[in-house]
Amino acid sequence: MLARTRTFAIAGIEAVPVDVEIDIHRGLPAFSIVGLPDAAVRESRERVRAALVNSGFDFPQQRITANLAPADLRKAGPGFDLAIAAAVLVASGQLRAQPLERWWLAAELALDGTVRPLPGILAMAERIDRAGGAGIAVAAANVAEARLVEGLAVAPLAAVTDLRALARGEVPATAVPPPRQRVGPAAPDLADLKGQPGLRRGLEVAAAGGHAALVIGPPGSGKSLAARRLPSIMPPLSHREAIEVTKIASIAGRPCADGGLAPRPFRAPHHTISVAGLVGGGSPPRPGEITLAHRGVLFLDELGEFSRPSLEALRQPLEDGLVTIARARSRLTLPAGFQLFAAANPCPCGHGEGSSRCCCTAERIRSYAARLSGALADRVDIALAVEQPSAATLDGDPGEGSAAVAARVLDAREAQRERLGEGRTNASMTDREVAERARLDGPARAALIAGHADLGLSGRGWSRVIKVARTCADLAGSRDVTGEHIDEALSLRRRGKR
């Protein structure tokens, strides 16, 4: 007898529909799964057999073949258990095919028949909303996440025996609170960053325009402290952005368990990370840190310690906001709209060439600096050099707090939303948008031409200076980009001490 159920496989951050076809016919007892399954999928045979027997169902003592279609898509993980079990029960005559076949089934099974939650349920629920279907049947722990897609029917299952009710057309009802943005620990306040007016201003401009930033300075100068306070001055995510971030977090194994939407991400990978860990990869390909930081901050501390290939892999994502992972059998595009904040020492020992405490040779300093190529540096909008604060500064009053700075940033972001659309920032403007929406007056153009001669700007650098100047104008509430804004943007691109 033949039966079919429906479930999903995860490819990158998207859910791909999969048909589970079960054929049961006479022959020596055997259970095989075909359709490019990985080890976790093949092991589903044992989980499904034990779960059905321990739940009071009869397991067919015949030849069982499970086909996961499309057959050329690699399947990974235990998320096919529930769909395989349901198809076996339908094919063996223990459950009615209707209305069970109208539901999408996604859950792992324990050996006692308990239904376990899965990562990536939000991506599956979104796919159903676009493709159509009666709804999705998931573990009770995944219900809140699936309900983030408005209007989608969700059937919570506690055990595989709940399939009986689903096959009779009965859907258990659950009360789920409306989605809310998850509130994590309070972010560190910018008031902790004492002194450093240049760094503070660079941080504010970076947050307002979504600009990539690089800060160079000795240990203890406030680089990491500033980076970890960047999220505290960034505006909250819109609902659409929060759904997008929550979906990525769920696929990465941090599913939403309380109905909350994920906050703006802050990722700080160690400098020993591999290229695949940073940009994504593996078999099947999985999102890397730059995708996990989508709509948030990617903080690379000790930039000079990262491998050259890892840093060079950031060039395309910084330019396009996307990363493409190409394999022999597939091509996967992942979102990578992250905001880069990098920190580096001026030399391997950290004190800087010319300091009485620096013990680095000229060759070591050149090798250290060469980790950051000119092509990658050209994609960084803000580059600052800082010094260690004085004792008087550290003993003085706190600086301006995050709340006051965040209010100015929010006003600047609102101006960009009206100009470019929701979710867009000045850093994402195209060349045409720069020409149309960041026009320079005479003094501003003269200042930019002088800055071009002074800094040796490339074509990309020229455009990025204008984008930063547009952000400075937005923070000042100015409709036009003036020479003053261009001067500030040029000063934020220098690596000279401030």
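Index from 1, following the sequence.
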Would you say that more than 12 heavy atoms from the other residues, nucleotides or ligands in this model lie under 6.0 Å from the [atom1] of [X], or not?
X	atom1	result
D454	CG	yes
R460	CZ	yes
Q316	CD	yes
R331	CZ	no
R445	CZ	no

A side-chain contact here means heavy atoms from C-beta on lying under 4.5 Å apart; do [X] and [Y] qualify?
X	Y	answer
F80	V18	yes
L148	T246	yes
L214	L384	no
E488	C472	yes
I121	V143	no
S238	E422	yes
M124	I10	yes
L376	L314	yes

Which distance, rounded to the nearest 0.5 Å, do you find between the [atom1] of [X] and the [atom2] of [Y]?
X	Y	atom1	atom2	value
D381	I466	CG	CD1	12.0 Å
L122	S250	CG	OG	6.5 Å
L230	L203	CG	CG	5.0 Å
L448	L457	CG	CG	7.0 Å
D378	S458	CG	OG	3.0 Å
R439	D441	CZ	CG	12.5 Å

Who are the side chain to side chain contact (heavy atoms under 4.5 Å, CB included) partners of [X], not counting sequence neighbours?
X	answer
S274	A276
V275	V279, P309, S310, A313
A489	V465, V468, A469
T425	R413, Q416, A427, S428

> Between N426 and R419, is any side-chain donor less than 3.5 angstrom from a side-chain acceptor?
Replying inline: yes
> How about S373 and E312: does a side-chain donor come under 3.5 Å of a side-chain acceptor?
Replying inline: yes
> At their closest point, which heavy atom of A226 faces which heavy atom of L199, and how far apart are they?
Replying inline: CB-CD2, 3.9 Å
> Which heavy atom in A125 sits nearest to a heavy atom in V149, and how many Å separate them?
Replying inline: CB-CG2, 3.7 Å
[X]: partners by side-chain hydrogen bond (donor to acceptor under 3.5 Å, both in side chains), with sequence neighbours left out:
X	result
S367	none
H271	none
E305	none

What donor-acceptor contacts under 3.5 angstrom involve side-chain atoms of residues 339-349, with partners at least two apart or in another chain?
residue, atom, partner, partner atom, Å
Q339, NE2, A206, O, 2.7
Q339, NE2, H211, O, 3.1
N345, ND2, E302, OE1, 3.1

> Do the charged groups of R295 and E241 touch, with an N to O distance under 4.0 Å?
Replying inline: yes
>> Salt bridge or not between R424 and E418? Use side-chain N to carboxylate O under 4.0 Å.
In response: no
Test item: [X] side-chain N/O and [Y] main-chain N/O as donor-acceptor pair under 3.5 Å:
X	Y	answer
K194	T393	no
T471	K467	yes
T291	P335	yes
R464	R493	no

> Can you say whether the rings of W104 and F8 are parallel (under 30°), tilted (30 to 60°) or perpendicular (over 60°)?
Replying inline: parallel
> Which pairs with one or both residues in residues 214-234 pass salt bridge (charged side-chain N to carboxylate O under 4.0 Å, His left out), sequence neighbours excluded?
Replying inline: D192-R229
>> Can you pull out every salt bridge (charged side-chain N to carboxylate O under 4.0 Å, His left out) where at least one residue sits in residues 334-348? Sequence neighbours excluded, please.
In response: none
> Passes side chain to side chain donor-acceptor pair (under 3.5 Å), E387 versus S221? Steps please.
Replying inline: CA-CA 6 Å; E387 296 178 330; S221 56; over 6 Å; no
>> Please list all pairs meeting side chain to side chain donor-acceptor pair (under 3.5 Å) that have one or both residues in residues 8-17, counting only residues at least two apart or in different chains.
In response: E14-K247
> Listed by chain and number, what are the salt bridge (charged side-chain N to carboxylate O under 4.0 Å, His left out) partners of R379, not counting sequence neighbours?
Replying inline: E319
